[in-house]
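One structure is given below, encoded as structure tokens.
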Amino acid sequence: MGTARVIFDRWDGRYAERMSGVRSSAVRDLFAAAARPDVISLSGGMPDVRRVPHEAVQRALRDALKHDGAMALQYGGSDGRFALRTTIVGLMAESGARLTEDDLIVTAGAQQGLDLLAKVFLDPGDTIICEGPTYVGALQAFSAYQPRIECVPLDEHGMRMEELEETLKRLGPRGAKFIYTIPNFQNPAGVTLSPERRRRLLELARTYDIPVVEDDPYGRLRFDGGHILPLRALDAEVIYLGTFSKIFAPGLRLGWMAAPRPILAKVLLAKQAADLCGSAFGQCVAEHYMKGTGWRRVLADLTHTYGERRDAMLAALAEHFPGDVTWTHPEGGFFVWVTLPAHLDTKALLAEAVERGVTFVPGSDFYPDGRGCNCMRLAFCYESPEQIAEGVRRLAEVCEDKLELYRAFVAAGAVPAGARATG
Ligand SMILES: Cc1ncc(COP(=O)(O)O)c(C=O)c1O
């Protein structure tokens with residue numbers, strides 16, 4: 001990892017107050033280190049686009065220009081091309097959610113959806129509820145609008161409903177602007193919200209009159225177990241964020257937001273201010289790529305590949321990490337969340353890990369308040385099973401010294417034995 005450069009900024013003091021709480025993400029900062037050929041990247045959640053056949057993309061590009069040439073190169077509607085929205089309606093129907101083209105808009109990735117939602121809902125000091133830990137990009141998007149962020153802890157079945165209820169009670173009716181959740185193969189924890197908890201979450205949201213934002217980039221990347229209905233399928237009031245980043249390619253920057261129409265109208269105004277309209281060209285390419293069944297074969301191959309890599313990671317963790325370290329067992333998606341004994345700081349391990357040729361993301365990045373210090377997120381989406389096994393082995397070596405030291409402290413009574421953060 002290159003050392004962070006300190007840049008003298010003569011405009012310091014002129015920036016808007018809202019930027020003061022926006023932190024850089026270690027994931028982004030690690031991109032340079034992760035690109036070194038000798039470094040095994042267990043940090044970035046990068047879809048393996050190397051497995052997307054270029055011929056299929058070339059065909060989609062050719063068809064886009066042939067059939068939609070002038071339109072593809074022109075400004076388009078702010079809500080996105082109707083044909084792509086029809087494709088999205090079909091995708092949502094497959095996952096169990098019924099809606100029409102008018103119930104959604106196309107966005108520049110789900111990330112833009114997060115930013116636009118924050119823009120239309122949040123005033124400084126407003127409260128929002130997220131899972132703890134949660135997606136670092138959401139924290140970045142939200143924090144620019146200066147909310148107070150309440151984190152509800154997770155366990156292996158997703159957000160814990162008793163804690164959510166306590167939080168809602170404490171805040172009172174309409175006490176939060178929205179509840180943000182990633183129900184499937186959560187980023188960063190890899191866990192999935194159980195069907196019972198999905199129902200309970202919606203009940204609570206209704207009781208306290210708070211909108212729910214469901215962010216679902218990984219829902220189609222399931223290796224084990226059966227499909228679980230999205231929140232949007234259970235309640236048409238839910239705001240749903242989807243993306244083509246994981247089923248096609250993030251380079252297109254295409255996603256969508258389905259929401260009740262009054263909310264969509266507000267979001268559309270914010271989107272017009274942000275970019276007038278999304279890339280018509282990218283939308284045309286996606287439309288053609290998603291025609292026929294080829295994309296389904298590519299996605300099935302990708303999902304199978306991610307599943308093999310998840311297996312490799314879990315096997316390597318079991319082989320190399322000792323009993324005082326725990327981790328989640330994702331049924332899909334990209335990530336495993338590892339919890340070391342409390343008092344160990346994974347941020348302090350990162351430089352040494354990079355030195356030994358492996359990257360991960362420290363757990364505290366996924367909290368707004370520095371919690372999660374003893375945790376780390378490992379991504380299994382990009383490296384081969386062999387590289388993953390080797391990366392985990394190197395990481396275990398890095399952790400082992402610190403674990404030894406920790407155990408010596410525990411033995412000497414200097415650290416409360418068994419103390420462990422919940423992650
Ligand atoms: C939970 C979550 N939400 C949103 C995004 C952003 O996705 P997109 O590429 O669609 O902007 C990601 C990307 O990793 C993610 O993990």
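Just so we're clear, the structure is a prediction, and the values are computed from it rather than from any experiment. Counting starts at 1 for both ligands and their atoms, following the listed order.
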Handout entry: Option among Arg85, Arg261, Arg232 that satisfies the side-chain hydrogen bond (donor to acceptor under 3.5 Å, both in side chains) test with Asp103
Key = Arg261

Handout entry: Atom CZ of Arg14: over 12 foreign heavy atoms under 6.0 Å
Key = no

Handout entry: Glu165/Arg200 salt bridge by N-O under 4.0 Å criterion
Key = yes

Handout entry: Cation over ring face, Arg50 and Tyr382, 6.0 Å, 45°
Key = yes

Fill in the blank from the handout: Under 4.0 Å from ligand 1, residues with heavy atoms, in chain and number order, are Gly109, Ala110, Gln111, Tyr135, Ile182, Asn187, Asp215, Pro217, Tyr218, Thr243, Ser245, Lys246, Arg253

Practice task
Decide yes or no on side-chain hydrogen bond (donor to acceptor under 3.5 Å, both in side chains) for Tyr145 and Asp115, but give the supporting numbers first.
Solution key: CA-CA 9 Å; Tyr145 299 90; Asp115 180 65; 3.1 Å; yes

Below 3.5 Å, can you tabulate the donor-acceptor pairs from side chains in residues 386-395 to any protein atom, sequence neighbours excluded?
from   : atom 1 : to     : atom 2 : distance (Å)
Glu386 : OE1    : Ser384 : OG     : 3.3
Glu390 : OE1    : Arg393 : NE     : 3.1
Glu390 : OE2    : Arg393 : NH2    : 2.9
Glu390 : OE2    : Arg394 : NE     : 2.9
Arg393 : NH1    : Glu397 : OE2    : 2.6
Arg394 : NH1    : Arg356 : O      : 3.3
Arg394 : NH1    : Gly357 : O      : 2.8

